Amino acid sequence: MTHDLSRRGLLRAAGIGTVIAAGAAGTGGAARAAGDGSLRAVYHLTPSSGWLCDVQRPIVVDGETLVYHLHAAETAGPGGWDLATTRDGVTFEHHGPVLPIEGVEPVWSGSAVVDADGGAGYGDGAVIALATRLPEGEVGRQQQYLYRSVDGGRSFTREAEPVIPNVDAETAENPQELENAAWFRDPKVEWDPDRQEWVCVIGRQRYAAMYTSTDLHAWQLRRNFDYLVDPATDTDLGGIECPDLFRMRADDGTVHWVIGGSMDGHAAGEPMTFAYWVGDWDGELFTPASRTPQWLDHGYDWYSAVTWPDEQDPLGVRRAIAWMNNWKYAKREVPTSASHGYNGQASIVRELRLRREADGRYALVSTPLPAIAAGGGEAVVLSARDVTGVTPVPELAGTAYLLEIEMSWDEATNVGVSVGCSADGTRRVNIGVHRDYVYLDRGPADREECSFGEFRESRAPQDPAARSVRLQVFVDRQSVEVFVNEGHVVLSQQVYFREGDEGVALYADGGPARVATLRMTPL
């Protein structure tokens with residue numbers, strides 16, 4: 001469903017896409033950010049050229065965060081790991097390939113760890129990566145290989161033989177086993193302090209395989225985490241990609257294990273992002289408190305997500321980043337392919353905290369990394385106002401900014417804000433609340449030459465009794481990310497804005513709404 005709401009004519013008549021002159025700042029001024037005409041994202045990780053795909057879990061070495069990511073010369077082509085570094089989570093420096101493709105044998109996703117005590121035999125502080133590699137380029141022979149680095153994660157040497165071989169590929173006798181052999185990928189390694197050993201989770205078809213090791217070389221298969229135990233009641237999300245496993249301390253002081261992964265819940269009416277389960281790991285088996293998945297993002301473009309511990313509070317706070325794309329439409333050229341020679345970007349970095357909810361479950365809540373807004377320009381804060389129908393906000397315009405808004409209503413059935421509005425009002429992205437759901441609708445901004453097809457409006461449940469909402473909307477040249485209220489809901493999506501798509505408007509249907517806060521920070 002696209003929320004048109006008969007606004008097209010109203011927006012065109014109001015001229016809300018009119019460009020606002022730069023230079024005004026402070027309360028009541030005009031906000032304008034990154035209006036140089038470029039299409040490259042301003043505050044997101046993008047590749048210098050070529051194809052950016054999965055981000056690997058970052059590690060911190062000497063105060064610098066190493067962000068490995070899949071990179072290929074062409075869209076959806078074979079490749080390996082490249083390295084980018086950052087000190088603030090906002091600006092990135094590229095360093096090129098570190099786990100390159102070898103002939104026809106690409107390197108897929110995995111994870112790196114700092115072997116502080118040298119248990120792997122390469123010295124204290126060596127960086128060890130486990131990654132999926134395809135011998136002879138054959139998808140059905142996915143294996144897990146060990147790569148070692150003794151220069152702080154800047155270059156790696158691969159061991160000749162896999163450390164976790166694909167037994168299914170060696171013993172397959174029927175089609176089902178062959179299918180499973182072709183889904184044996186993306187090892188994620190985590191230290192278990194209670195048992196003083198490493199734990200590795202590998203994505204499989206409809207389950208996660210669990211392994212343990214004391215030296216990162218010899219791995220023992222433990223018991224699988226089968227999320228789909230009863231097909232009649234459990235949600236079938238298909239195979240697990242880029243799984244994650246970590247410990248967190250909740251806000252009530254209790255410590256829990258979390259397992260998750262990127263999954264396609266579209267057929268089941270669920271998101272296509274990062275599903276997770278909170279539970280317990282006993283060294284043999286992960287037991288979830290509930291088999292009902294929870295989701296870290298309800299948009300269409302937050303896949304291959306990875307998390308890593310915050311340096312200041314490693315047990316209480318984790319950071320997260322994801323690939324802003326979706327395999328439903330990822331294998332195509334996009335506007336930046338022609339304008340800048342690259343395709344793909346990562347999401348902004350967010351912080352995760354584990355919270356005990358009123359119903360007794362534990363849930364992860366997301367907040368934007370504070371450094372993103374802290375590094376922005378002077379904010380424009382506008383006065384409170386009432387909204388009926390469509391209300392243009394000519395004081396605000398830009399292509400890279402944070403928009404913060406608080407709205408309340410009594411009888412209205414649909415309230416929200418439009419960003420990236422064109423001058424004639426025909427193009428825009430709508431973000432709002434419609435009765436019992438919150439939505440991010442990029443349909444009116446879709447481009448035929450790189451269409452998202454049916455995947456236009458994403459939704460997340462909203463309490464139908466709610467009469468207020470607080471939104472943090474991160475707009476960049478090729479994306480919109482929306483954090484709702486306390487961060488239980490986030491919606492992240494690509495948007496291919498055209499030049500001049502810079503306007504902002506408020507709207508309320510079925511009754512008036514009150515905007516108490518309206519603040520734009522150029523980024």
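All figures in this text were calculated on a predicted structure; none of them were measured in a lab. Note: hydrogens, waters and symmetry copies are ignored here, and every other heavy atom, side chains too, is used.
With hydrogens and angles disregarded, a donor-acceptor distance shorter than 3.5 Å links the side chain of Arg318 to the backbone of Thr307. Checking side-chain atoms of Asn343 against main-chain N and O of Pro335 turns up no donor-acceptor pair under 3.5 Å. Thr336 contributes a side-chain N or O that, together with a main-chain N or O of Tyr342, makes up a donor-acceptor pair within less than 3.5 Å. The backbone N or O of Val229 sits nowhere less than 3.5 Å from a side-chain atom of Asp226 that would complete a donor-acceptor pair. A donor-acceptor pair is defined here as one N or O able to donate and one able to accept, closer than 3.5 Å; such a pair exists between the side chain of Gln142 and the backbone of Phe184. For Thr391 (side chain) and Tyr507 (main-chain N/O), no donor-acceptor pair under 3.5 Å exists by modelled atom type. With Asn326 contributing its side chain and Tyr300 its backbone, the two residues share a donor-acceptor pair below 3.5 Å. For the pair Trp323 (side chain) and His69 (backbone), a donor-acceptor distance under 3.5 Å is absent. Side-chain N or O atoms of Asp251 include one that pairs as donor or acceptor with a backbone N or O of Arg356 at under 3.5 Å. A donor-acceptor contact shorter than 3.5 Å links the side chain of Asp186 to the backbone of Cys242.
Of the listed residues (Gln345, Arg442, Gln494, Gln493), just one forms a side chain to side chain donor-acceptor pair (under 3.5 Å) with Ser479, and that residue is Gln345.
Side chain to side chain, His256 and Thr254 meet the donor-acceptor criterion of an N or O pair below 3.5 Å. With no hydrogens or angles considered, a side-chain donor-acceptor pair links Gln144 and Thr132 at under 3.5 Å. Under the 3.5 Å distance criterion, with hydrogens and angles disregarded, no donor-acceptor pair is assigned to the side chains of His44 and Gln478. With hydrogens and angles left out, the side-chain atoms of Arg498 and Ser422 include no donor and acceptor closer than 3.5 Å. Judged by distance alone, the side chains of Tyr362 and Asp252 do bring a donor and an acceptor atom under 3.5 Å apart. A donor atom on one side chain and an acceptor atom on the other are found under 3.5 Å apart for Trp302 and Ser347. Side chain to side chain, Asn414 and Tyr439 meet the donor-acceptor criterion of an N or O pair below 3.5 Å. A donor-acceptor contact closer than 3.5 angstrom is absent between the side chains of Asp280 and Thr287. A donor-acceptor contact closer than 3.5 angstrom is absent between the side chains of Asp301 and Ser492.
With sequence neighbours excluded, the residues that form a side chain to side chain donor-acceptor pair (under 3.5 Å) with Lys328 are Asp264. With sequence neighbours left out, Thr86 forms a side chain to side chain donor-acceptor pair (under 3.5 Å) with Asp88. With sequence neighbours excluded, the residues satisfying salt bridge (charged side-chain N to carboxylate O under 4.0 Å, His left out) with Asp446 are Arg456. Taking the side chain to side chain contact (heavy atoms under 4.5 Å, CB included) definition, one finds that Ser468 meets it with Ser408, sequence neighbours left out.
Using a 4.0 Å cut-off between charged nitrogen and carboxylate oxygen, Lys188 and Glu190 do not count as a salt-bridge pair. Under the 4.0 Å criterion applied to side-chain N and carboxylate O atoms, Arg427 and Glu502 are not assigned as salt-bridge partners. Checked for salt-bridge contact, Glu241 and Arg185 meet the test: a charged N lies under 4.0 Å from a carboxylate O. The pair Glu284-Arg223 fails the salt-bridge criterion, with no side-chain N (NZ, NE, NH1 or NH2) lying under 4.0 Å from an Asp/Glu carboxylate O. Ion pairing of Glu404 with Arg470 is absent here, as no side-chain N (NZ or NE/NH1/NH2) approaches a carboxylate O to less than 4.0 Å. In summary, Arg204 and Asp168 engage in a salt bridge, as defined by a charged side-chain N under 4.0 Å from a carboxylate O.
The stretch residues 229-249 participates, sequence neighbours left out, in no ring pair (Phe, Tyr, Trp, His ring centres under 6.0 Å) pair at all.
For Trp81 and Tyr68, the gap between ring centers is short of 6.0 Å. Between Phe452 and Tyr496, the ring center distance clears the sub-6.0 Å criterion.
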Donor-acceptor contacts under 3.5 Å from residues 272-279 side chains, at least two apart:
residue : atom : partner : partner atom : Å
Thr273  : OG1  : Asp297  : O            : 2.5
Tyr276  : OH   : Leu364  : N            : 2.8
Trp277  : NE1  : Arg291  : O            : 3.0

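Ring geometry for Tyr437 against His434 counts as tilted: the plane angle lies between 30° and 60°, on a 0 to 90° scale.
Looking at Leu403 and Val419, their side chains come closer than 4.5 Å, going by heavy atoms from C-beta outward.
The distance from the CH2 atom of Trp183 to the CG atom of Asn166 is 14.0 Å, given to the nearest 0.5 Å.
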